[in-house]
Amino acid sequence: MTVPKTGGIGRIGPTAPRRPRWSGQAPVVAVVALGGGTGAAARYAASLWWPTRTGGFPWTTLGINVLGCAVIGVFMVVITEVWAAHRLVRPFFGTGVLGGFTTFSTYAVDSRSLFADGQVHTGLAYLAATPLAALTAVWLAAWATRRVLKWRQS
């Protein structure tokens, strides 16, 4: 027979796990919000600079998503294998800036619009091309970054 664990003087039962204090998470939330706003503003600027015509293939959204994924491939290699960064760099840039810049929600809306406009083949091509190109961009960027870093070290 086991003896119940005490949760302190006079209490029986397991103690509740401590929740992290909000004050410890506030800087992370703040830098993610700041980075997200920055990334979203950059994405909006790109859509103004390179607008997609109504009913056309959403090249801007595809380009933004591929570029953002390539940058995250480089960033993750640098931040995990090369540079010991401050604890807020990754949430600010990786989650905030790049999360706000890439726009997979617009990818879904663009796909739906293509299907609603009767452009089934274009919609299917776009549905397949975006994740394929984004994953390829991450992989190629990470691979190329490692190659460049290895070349520079030798």
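Here the structure is a predicted model, which is why all the values come from computation and not from measurement.
Thr61 and Asp110 share a donor-acceptor pair across their side chains, judged by distance under 3.5 Å alone.
Taken together through direct or relayed side-chain contacts under 4.5 Å among Ile, Leu, Val, Met, Phe, Trp and Tyr, Val31 and Trp83 form part of one hydrophobic cluster. Under the 4.5 Å side-chain heavy-atom criterion for Ile, Leu, Val, Met, Phe, Trp and Tyr, Val109 and Ile64 are members of distinct hydrophobic clusters. With hydrophobic clusters built from ILVMFWY side chains whose heavy atoms lie under 4.5 angstrom apart, Leu98 shares a cluster with Val78.
For the pair Phe75/Val89, a side-chain contact is recorded, criterion being any heavy-atom separation below 4.5 Å from C-beta on. Between Gln119 and Ser113 there is no side-chain heavy-atom pair separated by less than 4.5 Å. Using a 4.5 Å cut-off on side-chain heavy atoms (C-beta onward), Glu81 and Met76 make no contact.
The hydrophobic cluster containing Phe104 also includes Trp49, Trp50, Phe57, Trp59, Leu62, Val66, Tyr107, Leu114, Phe115, Val120, Leu124, Tyr126, Leu127, under a criterion of side-chain heavy atoms closer than 4.5 Å among ILVMFWY residues, counted directly or through chains of members.
For the pair Asn65 (side chain) and Thr130 (backbone), a donor-acceptor distance under 3.5 Å is absent. Remark: side-chain polar atoms of Arg146 are not paired, donor with acceptor, to backbone N or O of Val77 under 3.5 angstrom.
Scored by the side-chain hydrogen bond (donor to acceptor under 3.5 Å, both in side chains) test, Thr52 finds Thr60 as partners (sequence neighbours excluded).
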Requested in this report: Test Phe93 against Val71 for side chain to side chain contact (heavy atoms under 4.5 Å, CB included), laying out the working first.
Outcome: CA-CA 10 Å; Phe93 191 72; Val71 171; 3.8 Å; yes
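Annotation for Arg43 and Thr102: closest pair NH1-O, 3.5 Å, computed over non-hydrogen atoms. The two residues Phe101 and Ala42 come nearest to each other via the heavy atoms CD1-CB, 3.9 Å. Nearest approach of Ala141 to Val74, heavy atoms of both residues: CB-CG2, 3.9 Å.
Rounding to the nearest 0.5 angstrom, the gap separating the CG atom in Leu34 from the OG1 atom in Thr38 is 5.0 Å.
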